[in-house]
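Throughout, protein chains are lettered first and strands after them, A, B, ... in sequence-line order, and every chain is numbered starting at 1. Here the structure is a predicted model, which is why all the values come from computation and not from measurement.
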Amino acid sequence: MSGFSEDMPFFDEPNARPAAAPSGIAARAMAARSGQNSAHDYLKGLNPEQRLAVETTEGPVLVLAGAGTGKTRVLTTRIAHILATGRAFPSQILAVTFTNKAAREMKQRIGHLIGEGNVEGMPWLGTFHSIGVKLLRRHAELAGLKSDFTILDTDDVVRLIKQLIQAEGLDDKRWPAKTFAQMLDNWKNKGLGPDEIPEGDARSFGNGKGRQLYKAYQERLQTLNSCDFGDLLYHPIRIFRAYPDVLKEYHRKFKYILVDEYQDTNTAQYMWLRLLAQRPNVRAASAEGRKPDRASAGQAAPAEASERSERAAVSENKVNICCVGDDDQSIYGWRGAEVDNILRFDKDFPGATIIRLERNYRSTAHILGAASHLIAHNEGRFGKTLFTDRDDPEDDKVHVHASWDSEEEARAIGDAIEAYQRQKHNLNDMAILVRASFQMRAFEDRFITLGLSYRVIGGPRFYERLEIRDALAFFRVVANGGDDLAFERIVNVPKRGLGEATIRQIHDTARAMRVPMLEAAATLAESDELKPKPRAALREVAANFERWQKALETTPHTELAETILEESGYTDMWKNDRSADSPGRLENLKELIRSMEEYESLRSFLEHVALVMEAEQGESLDAVSIMTLHSAKGLEFETVFLPGWEEGLFPHQRALDEGGRSGLEEERRLAYVGLTRAKKNLHIWFVSNRLIHGLWQSTIPSRFLDELPETHVDVADGGNSYGGYGNPYGGGAFASGRGGGRQNPYGASRFDNIGAKDQGSFSNTYATPGWQRAQANRTEATDRNWGTRSGHQVERIGYGETDSGYGAGRTSVKGRTIEGELVAKSVADTPSAFNVGDRVFHQKFGNGNIAAIDGNKLTIDFDKAGQKRVLDGFVAPV
DNA sequence: TTGGAGAACCTTTTT
DNA sequence: GGTTCTCCAA
């Protein structure tokens, strides 16, 4: 990697004329004799497929790259190759990634190649959204915006929609703004404007006012000079369509397009790419340009004039698009990603070269075997077979462990990490990958007690913290006086006695005068329409912003930011606040100012925040990483822990409810992503009890455990204090899970074993009457439900409804689906055996007295643990 | 207008 | 269990 830069003499002359870059025939000729390029160091060490992917620079290419097959390396090497062979200048390359992390990594690697700070010489590299911003800033006026528009985050969007819903006279309880925000996002992800959304969608919200609201929303965004995330894709698409000459400009500019994680592109991103990549044949191009209807496409006229030149260009302008992806790692379907995009690539780009990378360099044969076997349960895939030459008998199998509950799970994983640490493993090489972020806390708690350093990636977002959002709102108003949403957020922060009534008045004045709220406030402050108190307060606010806005031109932005927080009284507000978290908040504010230093201006900083919503973390410290499976994609670790493999959590209940079969398959791909993150050691955990919505609920091991191949898996035989509960499968249960219809994972043998096997010191407590009853109910209930599955029947249990198809062992009660409610139901069918005042024992909390009974839910005053609500199946009379 | 108390909601994943 | 929302008293 390090030797690259020497191969690239042209970087010494970044201003050389583009004509020097060969294109068309010359390029093809060069490609044809690419064999000679072996002189380039960077091609060494590539396997034949990788090399093909790097060297097939002309025409459309799809690289199907399985996990750990060197995908990123191929992409960066490909860029290096294009540059080194003089096929294009950096600025003629467009490289799109899906996450900021990936963009950062690629930028780093390429930065190495072409020298840091060579901004002019960098390719257009970034996420779809960040490139969308770049495009939109250039052509903002074509979307009815000014180029200094603000990007709203989800929170702003929801507040804005709420206002609109209320303005329509709709009940914002019945029609939650959040729901509509999601609908909007879906539409935009499909590239649909207000007039293009399906009638059914339009009618389904707000008494049929869906379309109307969408329109009102877009208008409002325009007056606010703002756009939302979806617009960053949606506006460029519309501009490209309505203004062919703009599109042509980019056709000329970008010679090579590279796309990472192609399987995760949604429809809008796909349209965007196609517009950029697919130079239509001349006839199609001019036809599109002539279409009269496309918005106010007044500037389409030059289309005809340039037709001839385009015809000439077309023969040279081949579509040099290269998409890299793995259909087995498509995990963003819930966000509108279309796996289809990758599956039909060769139809979209005829004559595409498809290259498969199947040689895995990352994981042991056991890990690979487990992952491949699991993912084979999915249908509708390209089908790749990952292989490795690695065959080391010393390699560990994949370990499956059981714990009693999430606390025990955290403790066990903590112990395991410390054990690895004693064997001289770095914490940096270990990661815990969870399905849902709430799982993280148990680990954080435990690690704090242990004094084990950890880092949470993508956890509670830095920029989403209250104090940060407040501070940013101040900055936003200074940067863009038209940002009403930000203004509203902080006009009364710190408290100035500007309540709802005053804000409403500012709002109305702004509407009437057709000016931003800040301006309206300034006017109002000078009028006599307000009472003296709010008037004085408002006058101060307006004067402050006026002063700061002036200072924006002259003062360095970090200094200004500090001044703003001081003069507004915001820092004082927290200094006077005596709650426990105020020092932390002040610290965060300092951190915020510090992080601004890296940016040129307040505006560029704000843009970064809006797009990234993530503070860079110091990588220097040795720490265990904790993150969600989603954010782990693209990473690798020597040792990986995968906790929480239980039905309802993983696969997640909602994915099953909303996605049905495809939802399950996506969850399985997520599991696959998790498994393939590990290089050497892989530990999967599941627990029997989990605290969900404040209730302890019993859980069933994930079906994915059943889908792991026995030969590569080692089920830990309960090395922990809860002994016999360790092996969920009893004897040979792995075999029972596969082939033909699924069976009850709780084979009868399992419960027969209880008591027979050595249960460790807890066996006695398990044998209490309450425990036995709970087990009996559980076995019966699960058997009943599982039994129905083979016949594809749905059976009603109690008053809950079982979900159809794939949902198993779960019952939805009162509209809500609660894991483990099944147990409760059966117990509740028989009158509760408990009375208020009874003394009971709970496995986790010890002895206590029942304070209240609500159906099957008991409120118990525990001697040690205090008052808790638990299901009656989990306590036994003393 | 503010702040406290209680109710209601929630919990998948992210640009 | 935790957070946000709503209502009500000062």
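- Under the 6.0 Å distance and 45° angle rule, A/Arg668 does not count as a cation-pi partner of A/Phe704.
- As a whole-Å value, the separation of A/Arg677 CZ from B/dT13 P is 19 Å.
- Contacts of A/Glu667 classified as salt bridge (charged side-chain N to carboxylate O under 4.0 Å, His left out), with partners at least two apart in sequence or in another chain: A/Arg435.
- A/Arg441 comes within 4.0 angstrom of the backbone, heavy atoms only, and of no base.
- No donor-acceptor pair closer than 3.5 Å links the side chain of A/Glu338 to the backbone N or O of A/Thr265.
- One finds a salt bridge joining A/Asp470 and A/Arg489 here, because a Lys/Arg side-chain nitrogen approaches an Asp/Glu carboxylate oxygen to under 4.0 Å.
- For the ring pair (Phe, Tyr, Trp, His ring centres under 6.0 Å) test, residues two or more places apart in sequence or in another chain that qualify with A/Tyr332 are A/Phe98, A/Trp334, A/His630.
- Between the P atom of B/dT15 and the CG atom of A/Leu184 lies a distance of 20 Å, rounded to the nearest Å.
- Under the ring pair (Phe, Tyr, Trp, His ring centres under 6.0 Å) criterion, A/Tyr214 pairs with A/Trp187, sequence neighbours left out.
- Rounded to an integer number of Å, the gap from CZ of A/Arg690 to P of C/dG1 is 16 Å.
- Under 4.0 angstrom from either OP1 or OP2 of B/dT14 there lies at least one side-chain N or O belonging to A/Thr628.
- Checked against the 6.0 Å centroid criterion, the rings of A/Phe443 and A/Tyr454 do not qualify as a close aromatic pair.
- Surrounding NZ of A/Lys134 are more than 12 heavy atoms belonging to other residues, nucleotides or ligands, all under 6.0 Å away.
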Summary of protein contacts for nucleotides 1-6 of chain B, nucleotide by nucleotide, where a base hit scores B, a sugar-phosphate-only hit scores S (4.0 Å, heavy atoms)
SSS---
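- Of all the residues in residues 327-335 of chain A, A/Tyr332, A/Trp334, A/Arg335 reach under 4.0 Å from DNA chain B with at least one non-hydrogen atom.
- Rounded to whole Å, the distance from NE2 on A/His652 to P on B/dT14 is 12 Å.
- Distance, A/Lys190 NZ to B/dT15 C1': 18 Å, rounded to whole Å.
- Nearest-nucleotide mapping onto DNA chain B: of A/Thr127 and A/Lys178, the residue sitting toward the 5' end is A/Lys178.
- What separates CD of A/Glu667 from P of B/dT13 is a distance of 11 Å, to the nearest Å.
- One finds a side-chain N or O of A/Ser437 lying less than 4.0 angstrom from the OP1 or OP2 phosphate oxygen of B/dT13.
- Checked against salt bridge (charged side-chain N to carboxylate O under 4.0 Å, His left out), A/Arg274 has the following partners two or more places apart in sequence or in another chain: A/Asp348.
- The CG atom of A/Leu649 sits 12 Å away from the C1' atom of B/dT13 (whole-angstrom rounding).
- With rounding to whole Å, A/Gln269 atom CD is found 16 Å from B/dT14 atom P.
- Using a 4.0 Å heavy-atom cutoff across all strands shown, A/Lys633 reaches no nucleic acid atom at all.
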